[in-house]
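Below is one structure, written out as structure tokens; the observations come after it.
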Amino acid sequence: QVHLAESGGGLVQAGGSLRLSCAASGRTFSTYAMGWFRRAPGKDREFVAAISGSGGSTYYADSVKGRFTISRDNAKNTVYLQMNSLKPEDTAVYYCAARPPGSWYVGRSSYEYDYWGQGTQVTVSS
């Protein structure tokens, strides 16, 4: 079982930056991929970014490529999402998610992730 807890959301003006963090429980953090997803009001949950267990491979949705950066610190059991040049359309609840421990595949669909955090609200004002 993996427990996830996000932090770092808030209100920011368009063009600003935020960094989200997601702390994971357990001692096998480096063995599974992590992802960030978001759900905007009235929309389905969508993929934002994912990172392999080692941190050597990263993937991004086209809508955030070049503005967002996913990273991880395996010594701290934490994954980050640095969000720059934020736009009002980035407003959403952001969720971190974990693949099953020991699974090396980096998924980009929500059904490929077994563990989810409670979400953190990001609001970008125009």
Side-chain angles (χ1 to χ4, degrees):
Q1 190 77 3
V2 177
H3 297 282
L4 304 174
E6 302 100 334
S7 60
L11 173 64
V12 64
Q13 288 188 330
S17 298
L18 281 175
R19 188 176 82 155
L20 305 183
S21 300
C22 174
S25 63
R27 295 184 287 181
T28 60
F29 184 66
S30 64
T31 71
Y32 53 88
M34 295 288 297
W36 285 97
F37 293 78
R38 66 187 182 188
R39 187 192 300 271
K43 294 187 177 181
D44 292 334
R45 184 163 52 190
E46 65 172 355
F47 169 75
V48 175
I51 187 167
S52 62
S54 67
S57 298
T58 56
Y59 304 88
Y60 297 93
D62 288 343
S63 59
V64 307
K65 203 171 292 183
R67 300 188 298 122
F68 291 11
T69 302
I70 189 171
S71 61
R72 65 192 297 160
D73 184 338
N74 286 345
K76 295 183 178 179
N77 275 26
T78 301
V79 65
Y80 305 97
L81 186 68
Q82 178 67 44
M83 305 185 294
N84 298 329
S85 302
L86 282 161
K87 304 175 182 180
E89 50 264 45
D90 295 317
T91 294
V93 178
Y94 284 71
Y95 300 89
C96 68
R99 291 270 298 153
S103 63
W104 300 99
Y105 175 72
V106 183
R108 275 160 276 189
S109 298
S110 59
Y111 68 84
E112 295 174 306
Y113 288 81
D114 283 14
Y115 306 100
W116 294 82
Q118 80 286 353
T120 186
Q121 176 70 46
V122 171
T123 302
V124 184
S125 62
S126 56

Legend entry - Heavy-atom side-chain proximity of Arg99 to Met34 below 4.5 angstrom: no
Inset, instruction - Determine whether Phe29 and Val2 make a side-chain contact, defined as any pair of heavy atoms from C-beta on separated by less than 4.5 Å. - result: no
Inset, instruction - Output the distance between atom CD (Gln82) and atom CD1 (Ile70), rounded to the nearest 0.5 Å. - result: 12.0 Å
Inset, instruction - State the NZ-OG1 distance between Lys65 and Thr58, to the nearest 0.5 angstrom. - result: 9.5 Å
Do side-chain atoms of [X] reach the backbone of [Y] as a donor and acceptor pair under 3.5 angstrom?
{"X": "Thr91", "Y": "Glu89", "value": "no"}
{"X": "Ser54", "Y": "Gly56", "value": "yes"}
{"X": "Asn77", "Y": "Ala24", "value": "yes"}
{"X": "Glu112", "Y": "Val106", "value": "no"}

Legend entry - Stepwise side chain to side chain contact (heavy atoms under 4.5 Å, CB included) test for Met83 and Leu81: CA-CA 6 Å; Met83 305 185 294; Leu81 186 68; 3.9 Å; yes
Inset, instruction - Keeping to residues at least two apart or across chains, list the side-chain hydrogen bond (donor to acceptor under 3.5 Å, both in side chains) pairs with something in residues 17-30. - result: Ser17-Asn84
Legend entry - Contacts of Ala97 that satisfy side-chain contact (heavy atoms from CB on, under 4.5 Å) - sequence neighbours left out: Phe37, Tyr113, Trp116
For residues 42-49, which side-chain donor-acceptor pairs fall under 3.5 Å, sequence neighbours excluded?
| residue | atom | partner | partner atom | Å |
| --- | --- | --- | --- | --- |
| Glu46 | OE2 | Arg38 | NE | 2.6 |
| Glu46 | OE2 | Arg38 | NH2 | 3.1 |

Inset, instruction - Return the set of residues passing salt bridge (charged side-chain N to carboxylate O under 4.0 Å, His left out) with Arg67 (not counting sequence neighbours), or none when no residue passes. - result: Asp90
Inset, instruction - Decide if atom CD of Gln13 counts as having more than 12 heavy atoms of other residues, nucleotides or ligands within a radius under 6.0 Å. - result: no
Inset, instruction - Could you note down all residue pairs passing ring-ring contact (aromatic ring centres under 6.0 Å, His included) where residues 55-106 supplies at least one of them, sequence neighbours left out? - result: none
Inset, instruction - Treating Ile, Leu, Val, Met, Phe, Trp and Tyr as nodes and any side-chain heavy-atom pair under 4.5 angstrom as an edge, say whether Val12 and Leu20 lie in one connected cluster. - result: yes
Legend entry - Considering all heavy atoms, the nearest Cys22-Leu4 contact: SG-CB, 3.9 Å
Legend entry - Non-hydrogen atoms of Pro100 and Tyr32 that approach each other most closely: O-CB, 3.5 Å
Distance-only criterion, 3.5 Å: show the donor-acceptor pairs between side-chain atoms of residues 119-126 and protein atoms not counting sequence neighbours.
| residue | atom | partner | partner atom | Å |
| --- | --- | --- | --- | --- |
| Thr120 | OG1 | Gly9 | N | 3.2 |
| Gln121 | NE2 | Ala92 | O | 3.4 |
| Gln121 | NE2 | Thr123 | OG1 | 3.3 |

